Visitor: 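The following block contains the structure, expressed as structure tokens.
Chain naming here is simple, since letters A, B, ... match the order of the sequence lines and numbering starts at 1 in each. Only a predicted model underlies this, so the values are computations on that prediction, with no experimental measurement involved.
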Amino acid sequence: MPELPEVETVRRGLELVIVGKKIKDIQVYYPKIIRSPQDTEQFKFLLIGQVIQSIGRRGKYLLFHLTDDTLVSHLRMEGKYIYTENPNEPYDKHTHVIFSFTDGSQLRYRDVRKFGTMDVVKRDGETELEGIKKLGQEPIDPEFNLERFKKQVKQRMAPIKQILLNQEIISGLGNIYVDDSLALSKIHPLRSGKSLTDDEIANLIMSMKQVLEKAIEKGGSTIRSFESFYGRGSMQDHLIVYGRTGKPCIVCGTPIEKIRVAGRGTHFCPHCQKAAKE
DNA sequence: CACGAGTCCTGCAGGC
DNA sequence: TGCCTGCAGGACTCGT
């Protein structure tokens, strides 16, 4: 499940190999991946001939900045990009879109769950795209506005886990890094936003940055099937609570518990992360 | 307005 | 071996 660190890893990898390449042809095997334009032929017509100028990221969205347009790609659960210099290399049934470049190389989009999406917008027009325009602050932004975040958290009764998963409040976090950020800051996932103190929220943001930056450094987590096209990340070996149900907490040894919060599997240490006393 | 449930998808684990 | 069920979940839609 690619989150900010995984998407950033993919972005960096793509930047190294496809910037400067010109799209010669596109094959679409599963049209539902393409949200806009709805017509697949139109999608191809728009993009063929354009050159990839840079690769950006906003939250969990990848941005391919082309000559005239920007291709916005969301990997959702299992989307991934595979780069190959050999166009004859076989592709499997989970490969849904293939971009062929004029130099013979290809970029292939593979997505077992078929949840991923692609949208074409006018160059740099992604800020107007539904889903991106309402995105909250980036936790690793050097200019992160802590006061604004505190206010947003403290006005909500919802559990902090749910607040952190809301991309309109803070963007880029998914289930894995929310659980780990809460564990590092010793906050119980069910604590209401309103119950958190200023110090706890400041500490939470620091923990979040620490977790995300370490994950980027490790090339992301390889959970289930995520892998960047140039290798597998190793952050999964450094996770504190996610996926460690029943295993000892690395701080106190208490077995990690798993509950459901906001419909999602939620991992925490019942000793280190105390529930609200209210 | 806010919240919960359902939806999209497939692979895999567990039960028998 | 193989069938069946349930689970995984990001973002969106729909209903209360």
Side-chain angles (χ1 to χ4, degrees), chain A residues 1-10 28-36 38 57-63 72-81 91-97 109-119 121 126-136 138-139 151-182 189-194 208 212 215 220-227 235-236 239 241-246 256-268:
Chain A
M1 44 215 86
E3 303 179 30
L4 190 156
E6 288 75 26
V7 178
E8 179 60 23
T9 298
V10 171
V28 178
Y29 302 105
Y30 187 76
K32 286 177 80 173
I33 298 287
I34 320 286
R35 281 198 311 196
S36 66
Q38 297 96 329
R57 179 189 62 73
R58 178 72 174 97
K60 301 176 199 170
Y61 291 85
L62 265 179
L63 310 168
V72 181
S73 167
H74 196 302
L75 306 174
R76 292 291 180 93
M77 305 302 301
E78 306 211 23
K80 60 204 60 170
Y81 281 100
Y91 56 89
D92 69 6
K93 62 173 180 175
H94 302 302
T95 300
H96 308 308
V97 183
Y109 179 72
R110 186 173 182 273
D111 186 347
V112 172
R113 295 286 239 305
K114 297 178 174 171
F115 276 11
T117 59
M118 291 184 193
D119 292 271
V121 297
E126 68 274 5
T127 48
E128 291 308 307
L129 187 70
E130 207 63 41
I132 288 193
K133 74 178 166 193
K134 290 182 189 162
L135 284 182
E138 297 265 338
K151 198 177 281 182
Q152 287 171 306
V153 169
K154 294 175 91 169
Q155 74 181 27
R156 285 163 205 263
M157 284 301 293
I160 185 63
K161 160 120 187 185
Q162 190 177 348
I163 295 171
L164 297 183
L165 284 172
N166 184 342
Q167 303 299 304
E168 295 181 19
I169 297 170
I170 193 155
S171 63
L173 290 175
N175 210 33
I176 299 172
Y177 298 117
V178 164
D179 281 6
D180 260 44
S181 298
L182 287 171
L190 283 175
R191 290 274 304 278
S192 70
K194 203 179 172 182
M208 204 181 289
L212 294 174
S221 298
T222 307
I223 300 281
R224 289 171 173 269
S225 59
F226 172 79
E227 50 188 297
M235 185 61 184
Q236 68 280 1
L239 295 176
V241 293
Y242 184 85
R244 298 193 62 249
T245 313
I256 300 301
E257 282 184 20
K258 183 175 182 181
I259 57 174
R260 276 193 100 71
V261 180
R264 304 232 163 66
T266 299
H267 314 71
F268 70 104

Visitor: Going by atom types alone, do A:Y81 and A:S73 pair a side-chain donor with an acceptor below 3.5 Å?
Guide: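 The answer is yes; a qualifying pair exists.
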
Visitor: Hey, is OH on A:Y91 packed in by over 12 heavy atoms from elsewhere, all under 6.0 Å?
Guide: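 Atom OH in A:Y91 is not crowded, with 12 or fewer foreign heavy atoms closer than 6.0 Å.
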
Visitor: To the nearest angstrom, how far is A:N166 atom CG from C:dG9 atom P?
Guide: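 Going from CG in A:N166 over to P in C:dG9 covers 17 Å.
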
Visitor: Ignoring the backbone of A:A158, work out which of C:dG9, B:dC3, B:dT10 is nearest its side chain.
Guide: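 So the side chain of A:A158 is nearest to B:dC3.
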
Visitor: Could you tell me the separation between the OH atom of A:Y30 and the P atom of B:dC8, rounded to a whole number of Å?
Guide: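 From A:Y30 OH to B:dC8 P: 10 Å.
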
Visitor: What distance do A:F268 atom CZ and A:I259 atom CD1 have between them, rounded to the nearest 0.5 Å?
Guide: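 Answer for the CZ-CD1 pair, A:F268 versus A:I259, is 4.5 Å.
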
Visitor: Without decimals, in angstroms, what is the distance between A:E78 CD and C:dC7 P?
Guide: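 In whole Å, C:dC7 P and A:E78 CD are 18 Å from each other.
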
Visitor: Would you say A:K114 places a side-chain N or O within less than 4.0 Å of OP1 or OP2 belonging to B:dC8?
Guide: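 Answer no for this pair, as no side-chain N or O of A:K114 is under 4.0 Å from OP1 or OP2.
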
Visitor: Using the closest heavy atom to pick a nucleotide of DNA chain B for each, name whichever of A:Q162 or A:K93 lands nearer the 5' end.
Guide: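 Its nearest nucleotide lies further toward 5', so the answer is A:Q162.
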
Visitor: Calculate the interatomic distance between A:Q155 atom CD and B:dC3 atom C1'; express it in whole Å.
Guide: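 About 15 Å, once rounded to whole Å.
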
Visitor: Across the strands shown, which category fits A:G263 at heavy-atom distances under 4.0 angstrom: base, sugar-phosphate, nothing?
Guide: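 Answer is nothing: A:G263 stays at 4.0 Å or more from every strand.
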
Visitor: Just the rounded figure in Å: distance from C1' of C:dA8 to CG of A:D179.
Guide: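 After rounding, the gap between these two atoms is 13 Å.
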
Visitor: At 4.0 Å (heavy atoms only), tell me whether A:K161 reaches a base, stays on the sugar-phosphate, or touches nothing.
Guide: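 Here A:K161 touches no strand at all.
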
Visitor: Just to be sure I understand the rule, does A:R260 reach a base, reach only the sugar-phosphate, or reach nothing, if contact means heavy atoms closer than 4.0 Å?
Guide: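 If one applies the 4.0 Å heavy-atom cut-off, A:R260 turns out to touch the sugar-phosphate alone, with no base involved.
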
Visitor: Is there a donor-acceptor contact under 3.5 Å from the side chain of A:E126 to the main chain of A:V72?
Guide: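 Answer holds: no.
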
Visitor: For A:M157 and B:dG4, what is the distance between atoms CE and C1' respectively, to the nearest whole Å?
Guide: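 Distance, rounded to whole Å: 16 Å.
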
Visitor: Would you call A:E6 and A:K60 a salt bridge, taking side-chain N to carboxylate O under 4.0 Å as the test?
Guide: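 Here A:E6 does not pair with A:K60 in a salt bridge, since their nearest N and O are not under 4.0 Å apart.
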
Visitor: Nearest whole Å is fine: how far is B:dC8 C1' from A:H94 NE2?
Guide: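 Going from NE2 in A:H94 over to C1' in B:dC8 covers 16 Å.
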
Visitor: Output one letter per nucleotide in nucleotides 10-16 of chain C: B when a protein non-hydrogen atom lies under 4.0 Å from the base, S when only the sugar-phosphate is that close, - when neither is.
Guide: BSS----

Visitor: First locate atom CD of A:Q38, then atom CG of A:D119, and finally report the distance between them rounded to the nearest 0.5 Å.
Guide: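 If I round to the nearest 0.5 Å, the distance is 9.5 Å.
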
Visitor: What is the separation between atom CG on A:L75 and atom P on B:dT10, rounded to the nearest whole Å?
Guide: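 Checked: the CG to P distance equals 18 Å.
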
Visitor: Any donor-acceptor pair under 3.5 Å linking the side chain of A:E78 with the backbone of A:P2?
Guide: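 Not confirmed, A:E78 side chain does not pair with A:P2 backbone.
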
